[in-house]
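Worksheet: the structure to be examined is printed underneath.
Within every chain, numbering begins at 1; the chains are lettered A, B, ... in the order of the sequence lines, protein sequences first and strands thereafter.
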Protein chains: 2
Amino acid sequence: MPQPETRDRILDAAEALFVEHGFEGTSMRVITRSAQANLAAVNYHFGSKDALIQAVFRRRLTALNEARLAALDQLEAQAGDAALKPSRIVFAFFGTALAMAADTEHGGATFMRLLSRTYNEPNAFVRQFLAEEYAEVMDRFLGALFRALPEVPRTEIMWRFHFMMGAMSFAMAGIESVHAMAGLPYEDEDPARLLPRLMSFLLGGLRAPLADLAETPRPMMFDVHDGIHGAG
Amino acid sequence: MPQPETRDRILDAAEALFVEHGFEGTSMRVITRSAQANLAAVNYHFGSKDALIQAVFRRRLTALNEARLAALDQLEAQAGDAALKPSRIVFAFFGTALAMAADTEHGGATFMRLLSRTYNEPNAFVRQFLAEEYAEVMDRFLGALFRALPEVPRTEIMWRFHFMMGAMSFAMAGIESVHAMAGLPYEDEDPARLLPRLMSFLLGGLRAPLADLAETPRPMMFDVHDGIHGAG
DNA sequence: GTCTATAATAAGATAGAC
DNA sequence: GTCTATCTTATTATAGAC
């Protein structure tokens, strides 16, 4: 296999380093060194660091979201006039992401870790960019869920979708941290198990009975500002 | 009310700015300006930027985790020899966090957003520090769940706990992003609704039937590396 | 404890030869 | 397209007067 073009080597290196150290924690010097390219190459090929970040996302996120939309198209075509099953909609969205995450050969796994870590990114530029990239997919999938669950308040559906995104985000990040914190040994596991595991959890959450405000126990009291003198 | 001490003003300012722009995206100049303190004050009071980050977490995280342990202690004392209800354990962990998040008066809300955003932090120093802070709580709560659900494989419990952390993390981050992406207007909502909403979702996920690998549909095929030439 | 001034370093970006 | 050398700016950290 011939060595990839400089442009692609930079994208690969940046992707891997961004996952590991974040955007601001990864300098262009480190990127180009890792890519065996010259420092000036980033600006030559992409124009700026921000543009490089965009390019890293775009080359995979476009494919992912197109796959998601295609899966939804297919569901709707199959269903005809009938209502879609919510579980199928959820699977079309999250299963597609996990399929990409299962691709360790071509960097899909690395990218999905980056993508899920970036969902709550503080950097305003990145946040804005991602919102635009997601807009159509969000619109289509939320709309499908609204139609599939007409009796459930839309606010509730949006929250549950949001919770599901959170669960997926942590699923992608890996569970090593939990083992480390709990002081338990971590044994490598079949990545294929992640999909059924996550789907079962997501669907359980989606199908949970709607909360009745009156029935929920009140949070336990504790003085959150003991010894803390916040400015308020 | 007298103006808080410089040290506390710096902590408050840093907390708010870290949420908004991340650790590396927040310079000590911006922090001290916002706190109406001198640039050198950070090094005088904390020693370094890293030490300041630690101090920001420690002043609230210690209280939060002590409240969690106290809630669990109370559950175990009440139960005596009987088994704990998993839902009670989950509530002791996540309900405590949401109680702190509901405290908008003293900065608890800001801190919880920071904490949940930081769970998958790339910065090695911060990650290591947080893992140590969480160790005891994780150990106790996972142990309680293991005993409460002896028939469920421990790996499964750890994954579901991890998924729950993800859902909570996104819950804290707020749902504005979803509205923005979907192009829907966002109306402010009673924050008290978040707790029942999240708990219902979490318990639904926790109680979901264990996945049967054979029954789960296979992920749809799509060529994830169309037009992408990853280095592998 | 607080301040000014400055040191020491690292970052993103670019000019211009090849 | 690639390279070296350099500019400009921003950062953390510190020395030393008050």
Next on the checklist: For DNA chain C, which residues of residues 32-42 of chain B approach it to below 4.0 angstrom with any heavy atom?
Outcome noted: B:Asn38, B:Ala40

Checklist entry - Once you round it to whole Å, what is the distance between C1' of D:dG1 and CG of A:Asn43? => result 14 Å

Item to check | side chain to side chain contact (heavy atoms under 4.5 Å, CB included) involving A:Asn38 - partner list, sequence neighbours excluded | outcome: A:Ala40

Next on the checklist: Please confirm whether the ring centroid of B:Phe161 lies under 6.0 Å from the ring centroid of B:Phe93.
Outcome noted: yes

Next on the checklist: Among residues at least two apart in sequence or on other chains, which ones pass side chain to side chain contact (heavy atoms under 4.5 Å, CB included) with B:Ala41?
Outcome noted: B:Thr6, B:Ile10, B:Ala37, B:His45

Item to check | Nearest-neighbour nucleotide for the B:Tyr44 side chain, D:dA13, C:dT2, C:dA13 considered | outcome: C:dT2

Checklist entry - Between D:dT2, D:dT14, C:dT2, which one does the side chain of A:Thr6 approach most closely? => result D:dT2

Checklist entry - Rounding to a whole Å, what distance do you find between B:His45:NE2 and C:dC3:P? => result 10 Å

Item to check | Donor-acceptor side-chain pairing of A:Ser177 and B:Arg127 below 3.5 angstrom | outcome: no

Checklist entry - So how far is it from A:Phe91 CZ to A:Leu75 CG, rounded to the nearest 0.5 Å? => result 10.0 Å

Next on the checklist: So, taking the atom named CZ in A:Arg154 and the one named CG in A:Leu142, what distance separates them when rounded to the nearest 0.5 Å?
Outcome noted: 9.5 Å

Checklist entry - What's the CG-C1' distance between A:Asp8 and D:dG1, to the nearest Å? => result 15 Å

Checklist entry - What's the CD1-P distance between B:Ile10 and C:dC3, to the nearest Å? => result 10 Å

Checklist entry - Tell me: CD1 of A:Ile31 to C1' of C:dA13, nearest whole Å? => result 14 Å

Item to check | Rounded distance (Å) that lies between atom C1' of C:dA11 and atom CD1 of A:Ile53 | outcome: 14 Å

Item to check | d(CD, A:Glu24; C1', C:dA10) in whole Å | outcome: 14 Å

Checklist outcome for this item: When B:Phe23 and A:Arg7 are each assigned the nearest nucleotide of DNA chain D, the 5'-most assignment goes to A:Arg7

Checklist outcome for this item: Separation of C:dT9 atom P from A:Arg29 atom CZ, nearest Å, is 15 Å

Checklist outcome for this item: Out of D:dA13, C:dA13, D:dT11, minimum distance to the side chain of B:Ser27 belongs to D:dT11

Item to check | Parallel, tilted or perpendicular: ring planes of A:Phe170 versus B:His162, cut at 30 and 60 degrees | outcome: tilted

